[in-house]
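Residue numbers run from 1 in the order of the sequence given. Everything numeric here is computed off the predicted structure, so don't read it as measured data.
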Amino acid sequence: MLDESKPLFIAVAEQIEDGVLDGTYPEETPVPSTNELAAFLRINPATAGKGLNRLADVGVLVKRRGVGMFVAPGATDLVRRRRRQDFRQAYIAPLLREADHLGLTAQEVITMLTEEDHR
């Protein structure tokens with residue numbers, strides 16, 4: 001369930017972000033509490049809390065005193081923009097560098113992608 005190739009608190013944060021993107025956690029609705037998340041994922045509550053706090057720090061979640069954490073208005077677009085930038089840096093930039101080393105043009109890369117998409 002959690003991506004164990006990265007720190008658990010980051011995997012927790014990404015799982016909540018996935019829920020924001022897929023509509024599991026619509027904007028302005030609550031997310032599971034630290035204890036609920038820890039019990040469900042079978043992790044330490046401090047780790048779950050660190051993941052939730054990370055999202056609050058970047059504006060994806062908002063804390064409502066005495067009530068819990070809620071998905072912030074605009075969180076879906078915020079997560080999508082950040083993940084697109086991360087995608088560009090992690091995949092597109094290296095792809096284009098390698099294509100350049102191989103002497104491929106941008107159009108050749110686009111053709112390859114299009115052919116792969118139609119398989």
Side-chain angles (χ1 to χ4, degrees):
M1 183 172 286
L2 289 176
D3 181 352
E4 294 182 14
S5 69
K6 53 186 74 174
L8 276 177
F9 75 97
I10 292 175
V12 168
E14 288 178 352
Q15 185 171 13
I16 297 295
E17 284 182 340
D18 289 344
V20 170
L21 291 175
D22 71 17
T24 300
Y25 306 118
E27 294 180 12
E28 301 192 47
T29 64
V31 295
S33 72
T34 298
N35 291 331
E36 291 170 334
L37 206 51
F40 179 72
L41 298 173
R42 296 184 178 169
I43 60 174
N44 186 305
T47 302
K50 192 172 180 181
L52 291 174
N53 285 328
R54 179 182 175 90
L55 294 176
D57 291 345
V58 297
V60 173
L61 300 179
V62 293
K63 297 178 186 180
R64 294 190 185 159
R65 188 180 286 288
V67 183
M69 295 246 201
F70 288 72
V71 179
T76 305
D77 288 337
L78 177 67
V79 171
R80 189 172 284 124
R81 276 194 317 271
R82 196 192 77 250
R83 285 203 176 177
R84 284 180 178 178
Q85 183 60 35
D86 291 348
F87 178 82
R88 176 183 220 130
Q89 291 173 348
Y91 299 100
I92 302 301
L95 171 82
L96 293 176
R97 278 194 301 275
E98 183 64 16
D100 186 53
H101 289 307
L102 297 173
L104 294 168
T105 66
Q107 187 55 52
E108 288 171 316
V109 172
I110 291 168
T111 300
M112 291 172 139
L113 290 169
T114 303
E115 289 171 354
E116 190 66 28
D117 189 43
H118 287 97
R119 282 184 168 189

- Note on the structure: All heavy atoms of L78 vs all of V58, minimum pair found to be CD2-O, 3.3 Å

- Of T24, L55, L61, the one forming a side chain to side chain contact (heavy atoms under 4.5 Å, CB included) with V71 is L61

- Query: In terms of hydrophobic clusters joined by side-chain contacts under 4.5 Å, are L8 and I10 together?
  - Reply: no

- Query: So which pairs with a foot in residues 96-119 pass ring-ring contact (aromatic ring centres under 6.0 Å, His included), sequence neighbours left out?
  - Reply: none

- Query: Looking at P94 and R88, what are the two nearest heavy atoms and their distance?
  - Reply: CD-O, 4.4 Å

- Task: Establish, from distance only, whether the side-chain atoms of N35 and S33 form a donor-acceptor pair under 3.5 Å.
- Result: no

- Query: Is it the case that one hydrophobic cluster holds both V62 and V79, taking links as side-chain heavy atoms less than 4.5 Å apart, direct or via other members?
  - Reply: no

- Item | Residue pairs passing the side-chain hydrogen bond (donor to acceptor under 3.5 Å, both in side chains) test where at least one lies in residues 44-62, sequence neighbours excluded | N53-K63

- Item | Heavy-atom pair with the smallest gap, counting every atom of A93 and Q89 | CB-O, 4.0 Å

- Task: Write out all pairs satisfying ring-ring contact (aromatic ring centres under 6.0 Å, His included) with one or both partners inside residues 5-36, taking only residues at least two apart or from two chains.
- Result: none

- Task: Please name all residues satisfying side-chain contact (heavy atoms from CB on, under 4.5 Å) with P73, sequence neighbours left out, ordered by chain then number.
- Result: E28

- Apply the test side-chain contact (heavy atoms from CB on, under 4.5 Å) to residues D18 and R83: give CA-CA distance (whole Å), side-chain angles for both, the deciding distance (0.1 Å), then the verdict. CA-CA 10 Å; D18 289 344; R83 285 203 176 177; 2.6 Å; yes

- Between L21 and T76 the two heavy atoms that sit nearest each other are CD2-O, 3.8 Å

- Message: Running the 4.5 Å side-chain criterion over Ile, Leu, Val, Met, Phe, Trp and Tyr, what cluster does L104 land in, apart from itself?
- Response: L95, L102, V109, M112, L113

- Sequence neighbours excluded - ring-ring contact (aromatic ring centres under 6.0 Å, His included) pairs with any residue from residues 58-88: F87-Y91

- Message: For L41 and Q15: C-alpha separation, side-chain torsions, deciding distance, then whether side-chain contact (heavy atoms from CB on, under 4.5 Å) applies.
- Response: CA-CA 11 Å; L41 298 173; Q15 185 171 13; 3.4 Å; yes

- Query: Is atom CZ of R82 surrounded by more than 12 heavy atoms (other residues, nucleotides or ligands) closer than 6.0 Å?
  - Reply: yes

- Query: CG/L96 to CG/D100 distance, rounded to the nearest 0.5 angstrom?
  - Reply: 8.5 Å

- In terms of heavy-atom contacts, A75 and V60 come closest through CB-O, 3.4 Å

- Message: I need the minimum non-hydrogen distance between G51 and V12, along with the two atoms involved.
- Response: CA-CG1, 4.3 Å

